[in-house]
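So you know, we letter chains A, B, ... as the sequences are listed, proteins then strands, and number each from 1.
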Amino acid sequence: MKNLLIVESPAKAKTIEGYLGKDFLVKSSYGHIRDLVKTDDAIDVNDNFKQKYEVPADKKAVVSELKKLAKEAETVWLASDEDREGEAISWHLYETLGLRDDKTKRIVFHEITKPAILKAIESPRGIDFNLVNAQQARRVLDRLVGFELSPVLWKKVKPSLSAGRVQSVAVRLIVEREREINRFKPEAAFKIVAVFHTGNLKESFKAELPQRFSEVEEAERFLAACAEATFMINSLETKPSKRNPAAPFTTSTLQQEASRKLGFSVARTMSVAQRLYEAGRITYMRTDSVNLSDTALQGAEQEIKSAYGEKYHKRRQYRTKSAGAQEAHEAIRPTYFDRHTIDGDNAEKRLYELIWKRSIASQMSEAEFEKTTAKIGISTRKEELVANGEIMRFDGFLKVYFESTDDDQEPNIDDNADNTLLPPLQQHQQVELRSMTATERFSRPPARYTEASLVKKLEELGIGRPSTYAPTISTIQNRGYAVKEDRDGKPRDYRVLELTDGRVSTSGKTEITGAEKSKLFPTDIGVVVNDFLVEHFKGIVDFNFTAKVEKEFDEIAQGMKEWTDMLHSFYGPFHTEVESTIKHADRATNERELGMDPETGKRVSVRIGRFGPMVQIGSADDEEKPRFASLRPGQMIETITFEEALELFKLPKKVGEFEDKEMTVAIGRFGPYIRHDNSFYSLPKGVDPHDVTTDSAIQIIKDKRQRDSEKIIRVFEENPEARIENGRWGPFIRFGKQNIKIPKGADVENIAYADVLKWAEADDKKPKKRGKKA
DNA sequence: CAGTGAGCGAGCTTCCGCTTGACTT
């Protein structure tokens, strides 16, 4: 074999092999092949941060194969990515495979196209050790931070916790956003919306007052004045406007759009994209670049011109906005633009179409609009109402794609005065008022993060990389620092003043506010850890810490700074801080005292207990044992009120007997329920668990039994505990507490009791599924 | 789907970034 070329990704290797002739064998390193040993002695801080590396077990096979092939090859081409990590991979390969200078060449390319690769082969270079040193500084700093901070948390908070340059900032963002929301006091103001017509009722249109009234009396006076007024078009202005398409996808923008448009978690987006990439449908999905190769630009142009026509095409090159982008790859795009859709499962199809549309749109002409603004004078007031109309003159890129935004939560009522068509109007024309409303609206707190909007924020801060966004989001949830949840909203009253037929009437309405879907909430442990880190390691969890060290990594990469110098000046003060925190800091807690129990006169306090957040009445020193209750989902130590805490002790509650067995009402993980004879009966929606009486509890139990009995297909004579039932996915066998799947091909009508026993035994031997941690 | 909440202490936990399978459902 003449040439061995090594890239990072096996899918990439396959593609490149097709571009190069028989003289090249193309193989993959599967990312990094070496890492710091997992133990605490990986870095010798007293010997210039000397590192101990090892080939992890799952990389041994790859390394030995590459080693063998490298020995046989005349020339080894190291073609890992052109960024810090890629350069380090080349260096680790060079060292680990025992390569020789005279038969090793380092090449780089930013796109997987034939011309780019051939060109790269014509201009090989050596390994850039400045870049390698920058990566070592990054790697060592992250290890030092993570492996010194985490043990501090084990001592001062609780074992197994973790902290790091990236994850701890992610948690901080969530905690601080939650506090902003808790502190937020909504301000009410009245928004005026009018409907006019031109005299012809069919030609009606909406207009809005730009300013709002904070007092109801002001709004009332305004409406009353309008009742007496005549209205005239004071000015009419028509302006052309344009909208440009968004840049093609990067990892972060793909995660955001897939979250908004398809409802995917960031992890789901990445795994679906990985499948598309491996199937050769899209380019590499972990990228921070918005750049498209010439091949791609040509492909898009050809497809747009043939599918939509010449005037829809406009060649565009985008520039990256995010700091710290390393741009080792292209933007995420389809490999073949003429494939509008692909085969595959539903998720694959939908994600592919999103990528196809976004990429195609990025090379299309702008959409053109004509925006008309009419200002309407009021004879009895000096304010003007404004009506906006918009006509699309040319759809351009909107033919295939429009980008959604994050702020579509809780849309204001009547908020769509924009983007509508206005009837033909003229200056000084009189218009007739049809109706006018003043609606009480409230200012909104900042939005909680979704997984994707948190990724966006991290990217803006330059924290994390395309390959780590999804894992980071998972880590902070797995460690119990944050949870992704839905929360019900609360009703809120608002007032509406209405002017019709010259009279102002007031009515009260109710809306639901604060409902959340799939948002990130901090947990109590997340709050404690965050506050501890902010107090003792302000520098590390500072939002600019990464940006600051990245700047130094860049200087190292340019050969302007010694990587060990940088680490020395960081590690000295950091380590001192770690030592003194271990020695002097108090154990972290967020215990709060809420007051005195009116019944017993004992202290009521909240804190994190062995099994999670809890309320305690009384103390361990008391003669009488203290009482405990766990907090409910959605409740937090920081925000729970005295009343809510006492409420937790009212349940579980005995509500009488039925069939000689006690009935108990409690709230569990899935909501309120009645427990009776070791069975659970959920309360119907809307029933307050405190209001359940003996009679209503019996009724709920009977109802549930009735519903269950309707599901029973057959009870086995041999054993009334064994029966066939209709479940959610069809019939199954209930055998005492065991639920057994009916094997494929079995004749449901003629199952014998012997079959049941056989299947039950087989089912018992199957490994039990791992229970999720609560 | 409960309630549980002491203390002792061996041995363990943990970072970020680059890549996929091997798993289970």
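- Taking every heavy atom of residues 29-37 of chain A and every atom of DNA chain B, pairs under 4.0 Å involve A:Tyr30, A:Gly31, A:His32, A:Asp35, by number.
- Closest to the side chain of A:Ser467, out of B:dT19, B:dA2, B:dC16, is B:dT19.
- Of the side-chain N and O atoms in A:Arg286, none sit less than 4.0 angstrom from OP1 or OP2 of B:dC18.
- Contact annotation: A:Tyr284 reaches the phosphate of B:dT19 (side-chain N/O to OP1 or OP2, under 4.0 Å).
- A:Tyr277 comes within 4.0 angstrom of the backbone, heavy atoms only, and of no base.
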Output one line per pair: protein atom, nucleotide atom from nucleotides 3-8 of chain B, and distance, for all N/O pairs under 3.5 Å.
residue	atom	partner	partner atom	Å
B:dG5	N2	A:Phe611	N	2.8

Salt bridge (Lys or Arg N to Asp or Glu O under 4.0 Å) between A:Asp345 and A:Arg275, intermediate numbers included
CA-CA 10 Å; A:Asp345 67 27; A:Arg275 293 205 300 271; 3.0 Å; yes
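- Across the C1' atoms, B:dG9 and B:dT13 are found 16 Å apart, a figure rounded to whole Å.
- One N or O donor and one acceptor, one from the side chain of A:Arg139 and one from the base of B:dC15, sit under 3.5 Å apart.
- One atom, CD of A:Gln135, and another, C1' of B:dC15, lie 13 Å apart when rounded to the nearest Å.
- Taking the ring centre of A:Trp91 as origin, the terminal cationic atom of A:Arg106 falls outside the region bounded by 6.0 Å and 45° from the ring axis.
- Under the salt bridge (charged side-chain N to carboxylate O under 4.0 Å, His left out) criterion, A:Arg286 pairs with no residue at all, not counting sequence neighbours.
- Taking only side-chain nitrogens and oxygens, A:Arg465 never comes nearer than 4.0 Å to OP1 or OP2 of B:dC15.
- Ion pairing between A:Asp597 and A:Lys602 fails under the 4.0 Å rule for side-chain N and carboxylate O.
- Looking at A:Glu485 and A:Arg487, a side-chain N of the basic residue comes within less than 4.0 Å of a carboxylate O on the acidic one, giving a salt bridge.
- Residues from residues 76-87 of chain A that place a heavy atom under 4.0 Å from any atom of DNA chain B, listed by number: A:Asp81, A:Glu85.
- Every residue two or more places apart in sequence or in another chain was checked for a salt bridge (charged side-chain N to carboxylate O under 4.0 Å, His left out) with A:Asp40, and none qualifies.
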Side-chain polar contacts of residues 157-166 of chain A - donor-acceptor pairs under 3.5 angstrom, sequence neighbours left out - could you list them?
residue	atom	partner	partner atom	Å
A:Ser162	OG	A:Gln167	OE1	2.8
A:Ser162	OG	A:Gln167	NE2	3.4
A:Ser162	OG	A:Arg479	NE	2.7
A:Arg165	NE	A:Asp142	OD1	2.6
A:Arg165	NH1	A:Thr546	OG1	3.2
A:Arg165	NH2	A:Asp142	OD1	3.4
A:Arg165	NH2	A:Asp142	OD2	3.0

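- The separation between A:Leu66 atom CG and B:dC18 atom P is 20 Å, rounded to whole Å.
- The CZ atom of A:Phe570 sits 16 Å away from the P atom of B:dC15 (whole-angstrom rounding).
- The ring pair (Phe, Tyr, Trp, His ring centres under 6.0 Å) check on A:Phe537 picks up nothing, with sequence neighbours excluded.
- The closest donor-acceptor contact from the side chain of A:Thr251 to the backbone of A:Met285 lies under 3.5 Å.
- For A:Tyr681 and A:Tyr673, the distance between ring centers is not under 6.0 angstrom.
- Residues forming a salt bridge (charged side-chain N to carboxylate O under 4.0 Å, His left out) with A:Lys59 (at least two apart in sequence, or on another chain): none.
- Under the salt bridge (charged side-chain N to carboxylate O under 4.0 Å, His left out) criterion, A:Glu657 pairs with no residue at all, not counting sequence neighbours.
- Rounded to whole angstrom, the span from the CG atom of A:Asp58 across to the P atom of B:dA22 amounts to 12 Å.
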Could you write out each protein N or O paired with an N or O of nucleotides 9-14 of chain B at a distance under 3.5 Å?
residue	atom	partner	partner atom	Å
B:dT13	O2	A:Ser160	N	2.4
B:dT13	O2	A:Ser160	OG	3.3
B:dT14	O4	A:Asp40	OD1	3.3

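- If you measure from atom OH of A:Tyr53 to atom C1' of B:dC18, you get 13 Å, rounded to the nearest angstrom.
- Here A:Ser9 does not reach the OP1 or OP2 of B:dT19: none of its side-chain N or O atoms lies under 4.0 Å away.
- Salt-bridge formation is not detected for the pair A:Arg465/A:Glu85: no Lys NZ or Arg NE/NH1/NH2 atom is positioned less than 4.0 Å from an Asp or Glu carboxylate oxygen.
- No donor-acceptor pair under 3.5 Å is formed between the side chain of A:Lys650 and the backbone N or O of A:His690.
- In this structure, CD of A:Gln136 is placed 14 Å from C1' of B:dG17, rounded to the nearest angstrom.
- Contacts of A:Val145 with the nucleic acid, taken as non-hydrogen atoms under 4.0 Å apart, are absent.
- The CD1 atom of A:Ile6 sits 5.0 Å away from the CG atom of A:Leu93 when rounded to the nearest 0.5 Å.
- Between B:dT20 and A:Gln274, a contact under 4.0 Å exists linking OP1 or OP2 to a side-chain N or O.
- In this structure, A:Leu567 atom CG and B:dC15 atom P are separated by 19 Å, rounded to whole Å.
- Between the P atom of B:dG17 and the CD atom of A:Glu459 lies a distance of 13 Å, rounded to the nearest Å.
- Partners of A:Tyr53 by ring pair (Phe, Tyr, Trp, His ring centres under 6.0 Å), not counting sequence neighbours, listed by chain and number: A:His92.
- Pairing analysis of DNA chain B (Watson-Crick: purine N1 to pyrimidine N3 plus N6-O4 or O6-N4; G-U wobble: N1-O2 and O6-N3; both under 3.5 Å) yields no stem of 3 or more pairs.
- One finds a salt bridge joining A:Asp35 and A:Arg139 here, because a Lys/Arg side-chain nitrogen approaches an Asp/Glu carboxylate oxygen to under 4.0 Å.
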